Number of protein chains: 2
Amino acid sequence: MPRAVALPSNADQVSQVLALAYREGVPVAGRGSGTGLSGGALAAPGGIQIAFPRMNHILEVDTENRTATIEPGVINLDLDTHVRKFGMRYAPDPSSQKACSLGGNIAENAGGPHCLAYGTTTNHVLGMEVALEDGTVVQLGGQSREVPGYDLRGVFVGSEGTFGIATKITVRLLPLPETVKTFLGIFPDIESACSGVSAVIGHGIVPAALEMIDALSIRAVQNVTDAGYPEDAGAVLLIELEGLWEEVDEVSREVESALWETGASDVRIAEEDSERERLWLGRKTAFGAFGTIAPNYYLVDGVVPRTRLTQVLRKVSEVSEKYGIIIANVFHAGDGNLHPCMLFDEREPGVKEKAMAGASELMEYCVEMGGSLSGEHGIGLEKKQFMPLVYTEQDMATMKLVRDSFAPANRLNPGKIFPDGEEFEPAVQATPRQADPGMYV
Amino acid sequence: MPRAVALPSNADQVSQVLALAYREGVPVAGRGSGTGLSGGALAAPGGIQIAFPRMNHILEVDTENRTATIEPGVINLDLDTHVRKFGMRYAPDPSSQKACSLGGNIAENAGGPHCLAYGTTTNHVLGMEVALEDGTVVQLGGQSREVPGYDLRGVFVGSEGTFGIATKITVRLLPLPETVKTFLGIFPDIESACSGVSAVIGHGIVPAALEMIDALSIRAVQNVTDAGYPEDAGAVLLIELEGLWEEVDEVSREVESALWETGASDVRIAEEDSERERLWLGRKTAFGAFGTIAPNYYLVDGVVPRTRLTQVLRKVSEVSEKYGIIIANVFHAGDGNLHPCMLFDEREPGVKEKAMAGASELMEYCVEMGGSLSGEHGIGLEKKQFMPLVYTEQDMATMKLVRDSFAPANRLNPGKIFPDGEEFEPAVQATPRQADPGMYV
Ligand SMILES: Cc1cc2nc3c(=O)[nH]c(=O)nc-3n(C[C@H](O)[C@H](O)[C@H](O)COP(=O)(O)OP(=O)(O)OC[C@H]3O[C@@H](n4cnc5c(N)ncnc54)[C@H](O)[C@@H]3O)c2cc1C
Ligand SMILES: Cc1cc2nc3c(=O)[nH]c(=O)nc-3n(C[C@H](O)[C@H](O)[C@H](O)COP(=O)(O)OP(=O)(O)OC[C@H]3O[C@@H](n4cnc5c(N)ncnc54)[C@H](O)[C@@H]3O)c2cc1C
């Protein structure tokens with residue numbers, strides 16, 4: 001619970017709040033929409049929270065140079081919907097896009113299904129105005145991808161609210177594709193679905209999106225909505241191709257044959273918007289739908305080289321068996337981003353501890369397999385104890401020094417990212433009993 | 001002239017040289033191939049130079065995950081040539097690619113013709129091992145695009161040798177395109193060629209490359225090699241499309257009609273490798289070929305919003321007239337990167353000063369037009385006095401603090417990038433009298 005909440009209307013007010021807090025020695029945490037999954041937006045004890053519901057304006061869309069300038073509280077999907085009127089789009093689309101803010105996206109360097117082809121938030125943010133911990137306002141980056149001097153823009157993106165508060169953001173926009181085509185590859189088991197992933201990527205195809213949904217997740221989804229996923233499938237792959245008609249048509253055939261060759265029992269193709277949306281609805285409803293299986297979930301976020309997917313998923317089954325916890329898998333398979341989701345009832349004594357132990361084991365295994373912690377959800381409070389798995393003391397000392405160059409008093413979001421300082425109880429999510437099928441989760 | 005030159009064979013030796021220099025208070029500058037155009041590789045007075053001719057090995061190519069791990073002295077084109085054997089390529093292709101090193105590319109965040117579609121060096125470097133000024137070795141980034149913690153990799157790329165010495169680099173590779181098609185759009189004057197650029201981009205087409213070569217440059221090129229550029233043209237556009245056959249075929253027609261509609265007098269298309277190489281030879285020989293026009297050149301490096309190209313090129317003519325210096329233009333038009341090249345004979349009294357004054361005027365105009373200094377050649381010594389045109393004192397103070405977090409003693413490449421400290425005489429290039437048409441310049 002923060003000591004106070006500030007709802008500024010402009011950069012000047014943000015700067016004033018920061019200057020005051022700085023003078024008084026009070027920590028500050030920014031808050032976008034609070035959808036972050038690593039505790040980043042939680043205020044430090046006695047701290048002030050700055051939230052941006054009043055700074056939610058799209059300030060400018062430059063159609064010729066394909067950029068937009070916005071305030072940090074703008075919701076990801078609102079920006080995308082707005083610029084589509086001009087034949088453009090904002091590419092990074094976290095599954096939480098209906099709710100999450102651009103300020104939060106920048107802080108977490110958010111990814112999403114379509115980041116496989118287009119890159120994560122950092123590839124789409126050109127520059128920003130930032131208020132530092134003492135209230136000083138600086139400009140990082142600019143209006144184009146090439147700016148002189150150090151790329152402070154780049155290191156700010158993904159700094160989880162510890163470097164400064166973004167008060168104005170310029171992003172680049174992409175032209176809308178001529179055609180979009182979505183495939184549902186239906187597989188008897190998760191191993192063959194993994195081979196499908198390898199086969200598609202191995203053909204040199206870079207789909208716009210390549211998502212995996214396992215049997216348990218299919219069951220959960222079909223409990224709340226009819227996304228058309230067959231309930232007896234072992235796993236499905238959701239693959240999207242975008243581009244010119246001719247291009248999509250040609251690649252289409254390659255994708256299809258890759259899926260058949262790796263043992264798909266069926267391949268369905270959606271070309272109409274309504275069909276496509278139905279297929280995506282399943283993917284986007286999955287997290288909410290887990291509520292029909294267990295009242296709580298804990299989402300593990302890892303990344304491994306794509307070629308290790310099968311092996312890591314086998315480990316997920318082992319962990320599930322060892323700790324007696326069911327684990328569902330819905331994830332961005334194309335870039336080796338894993339999201340094993342532990343489902344349990346926290347009222348059952350000891351089960352939360354088991355889930356945490358299983359999560360640690362999986363995290364360590366990802367690193368062992370040449371992967372890493374966190375594809376995209378950040379470190380925050382949740383994963384700071386795992387940082388030593390991937391970084392040496394010296395690596396982390398260098399990171400802290402960089403943080404200190406932006407925030408020497410460590411007044412912004414203190415206690416996050418690094419394994420020293422306060423310990424943290426990972427927040428277990430309450431899954432909605434009645435999932436809202438329209439919610440993008 | 002450096003006090004000493006070190007030629008290390010491995011990271012450990014780099015670390016030892018740095019530790020020694022640190023202890024003794026001696027500045028150090030890394031040197032790749034010395035092709036940098038902003039004085040970055042010049043050692044500070046009394047300083048040590050570390051060069052990498054012995055650290056030029058390609059250590060690993062991982063075909064499945066499409067990455068390569070290399071030493072910093074590897075030449076850009078050698079890496080690309082090597083990985084092509086496996087059906088892949090390293091996308092960033094500075095015009096100096098035959099000579100420049102990956103270590104230098106990272107330090108300058110080098111761009112190139114094909115960066116229009118694929119992004120500059122920072123989009124292709126996944127991680128690196130770095131020796132800091134005191135000899136400590138740290139790891140920045142990793143083996144994939146998603147790594148936990150701050151993106152120190154991102155801020156290291158483009159830090160112009162002031163943060164540390166890269167000793168090992170992991171880059172991502174792209175699959176080779178199925179088809180490549182190159183267009184030569186021939187225009188009566190540079191204004192219509194600029195409209196050609198706008199028309200192509202305005203159609204939502206992102207060519208793999210889009211280069212502009214003006215009349216003077218055409219004349220210079222044709223003096224040394226027959227690239228097939230018509231000598232009476234006002235300007236030519238070199239446009240390359242890549243992708244699947246069907247895609248290229250379709251976009252091809254759009255590019256052609258965009259060129260005809262904006263007043264091209266002819267459009268030639270090359271599909272065979274030999275024809276394509278001949279067209280590119282002209283572009284790549286241009287800088288060397290300027291030697292047939294004047295013995296010295298000074299290359300100005302700016303970037304403007306694409307929509308301002310015509311206006312800025314008009315200013316280039318004005319500056320040329322005002323100072324009585326001929327200026328040639330060869331540049332990456334697709335992303336608004338300008339390269340006006342001032343041609344003169346430094347033995348003529350006062351002419352160098354005039355060239356410098358003209359360059360300053362152009363630089364300031366680029367900034368006025370919403371553009372910036374330096375598309376891609378860095379700030380180094382050459383442009384540090386222009387930094388206040390685009391950054392406030394506070395912006396630069398933030399940059400220096402970040403540098404200090406990597407190199408608190410400022411022992412690496414001191415005196416570069418920021419406008420304080422030693423002043424610098426921009427080095428005028430001697431153009432080769434006899435340009436080597438095979439040289440990629
Ligand atoms: C169901 C679900 C699905 C999700 N799917 C994805 C996904 O596909 N990909 C993905 O990457 N993430 C995903 N997430 C995680 C989350 O949505 C993202 O991390 C998102 O970027 C957070 O945005 P927010 O506005 O909610 O930020 P918050 O949670 O409010 O804050 C996150 C961090 O941003 C900082 N912050 C907020 N505003 C600012 C500002 N203006 N300046 C500086 N710092 C600021 C906060 O201090 C905090 O550290 C998902 C979350 C949920 C609940
Ligand atoms: C004819 C010509 C055409 C060019 N065309 C382009 C172009 O199209 N695009 C473009 O971007 N540039 C271009 N350049 C500029 C230049 O080639 C690039 O900046 C290139 O990246 C420099 O590489 P290098 O190995 O020559 O580095 P150097 O010039 O030797 O050094 C450049 C900087 O890198 C640092 N450095 C070198 N190695 C390391 C290391 N291992 N670790 C840390 N720092 C290191 C040096 O200290 C220095 O600051 C061109 C240059 C010429 C002469």
Side-chain angles (χ1 to χ4, degrees), chain A residues 64-65 87 109 111 119-120 122-123 132 136 138-139 142-152 154-155 157-159 175 204 243-247 249-251 303 305-307 335-337 370-376 379 383 387 390-392 394-395 398-399 401-406 417, chain B residues 64-65 87 109 111 119-120 122-123 132 136 138-139 142-152 154-155 157-159 175 204 243-247 249-251 303 305-307 335-337 370-376 379 383 387 390-392 394-395 398-399 401-406 417:
Chain A
E64 271 197 298
N65 291 302
N109 186 21
T120 56
T122 191
N123 297 116
L132 300 176
T136 311
V138 298
Q139 174 67 33
Q143 302 288 317
S144 84
R145 286 209 273 178
E146 287 156 335
V147 291
Y150 302 138
D151 185 15
L152 302 191
V155 77
V157 176
S159 62
L244 294 173
W245 194 88
E246 287 80 356
E247 177 191 7
D249 191 52
E250 150 111 5
V251 182
V303 61
R306 216 163 28 222
T307 47
D335 45 18
N337 239 292
S372 194
L373 323 172
S374 175
E376 48 180 33
I379 300 297
K383 284 208 198 110
M387 285 286 276
V390 280
Y391 292 113
T392 63
Q394 240 123 21
D395 294 340
T398 310
M399 287 190 187
L401 284 167
V402 174
R403 179 198 61 203
D404 293 350
S405 65
F406 282 90
I417 303 177
Chain B
E64 271 197 297
N65 291 302
N109 187 18
T120 56
T122 193
N123 297 116
L132 300 176
T136 312
V138 297
Q139 175 66 32
Q143 302 287 316
S144 84
R145 287 209 273 178
E146 287 156 336
V147 292
Y150 303 138
D151 185 16
L152 301 192
V155 77
V157 176
S159 63
L244 293 174
W245 193 89
E246 288 79 357
E247 176 192 6
D249 190 54
E250 151 112 7
V251 181
V303 60
R306 218 160 29 222
T307 46
D335 45 18
N337 240 291
S372 194
L373 324 170
S374 176
E376 48 180 34
I379 299 297
K383 283 208 199 114
M387 285 286 276
V390 280
Y391 292 113
T392 64
Q394 242 124 18
D395 294 340
T398 310
M399 287 190 188
L401 285 167
V402 174
R403 179 198 61 202
D404 294 349
S405 65
F406 282 89
I417 303 177

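All values below come from the heavy atoms of this structure, side chains included, with hydrogens, waters and symmetry mates left out. Within every chain, numbering begins at 1; the chains are lettered A, B, ... in the order of the sequence lines, protein sequences first and strands thereafter. Because the structure is predicted, anything quoted here is derived from the model rather than measured.
The CD1 atom of B:Ile417 sits 8.0 Å away from the CZ atom of B:Arg403 when rounded to the nearest 0.5 Å. Rounded to the nearest 0.5 Å, atoms CD (B:Glu247) and CD (A:Glu247) are 3.5 Å apart.
Most heavy-atom pairs under 4.5 Å with chain B, from the set A:Leu132, A:Val155, A:Asp151: that is A:Val155. Ranking B:Pro148, B:Gly142, B:Pro305, B:Gly149 against chain A, the residue ahead of the rest is B:Pro148, based on heavy-atom pairs under 4.5 Å. When A:Asp335, A:Thr136, A:Asp249 are compared by the number of non-hydrogen pairs under 4.5 Å with chain B, A:Thr136 comes out ahead. In terms of heavy-atom pairs under 4.5 Å with chain B, the best-connected choice from A:Arg306, A:Gln394, A:Glu250 is A:Glu250. Contact count against chain B (heavy-atom pairs under 4.5 Å) is highest for A:Leu152 among A:Ile379, A:Leu152, A:Thr122.
Both the backbone and the side chain of A:Met399 come within less than 4.5 Å of a heavy atom in chain B. The parts of B:Glu64 that come within reach of chain A are both its backbone and its side chain, each placing non-hydrogen atoms under 4.5 angstrom from that chain. In this structure, the portions of B:Thr307 lying under 4.5 Å from any heavy atom of chain A include both its backbone and its side chain. For B:Thr120, the part sitting under 4.5 Å from any heavy atom of chain A is the side chain, from C-beta outward, and nothing else. For A:Ser159, the parts lying under 4.5 angstrom from a heavy atom of chain B are both the backbone and the side chain. The part of A:Phe406 that comes within reach of chain B is its side chain, from C-beta onward, which places non-hydrogen atoms under 4.5 angstrom from that chain. Only the side chain of A:Val390 comes within contact range of chain B, judged by heavy atoms closer than 4.5 Å.
Checking A:Ser405 against B:Asp404 by side-chain atom types alone, no donor-acceptor pair falls below 3.5 Å. One side chain, B:Asp395 or B:Thr392, offers a donor N or O that lies under 3.5 Å from an acceptor on the other.
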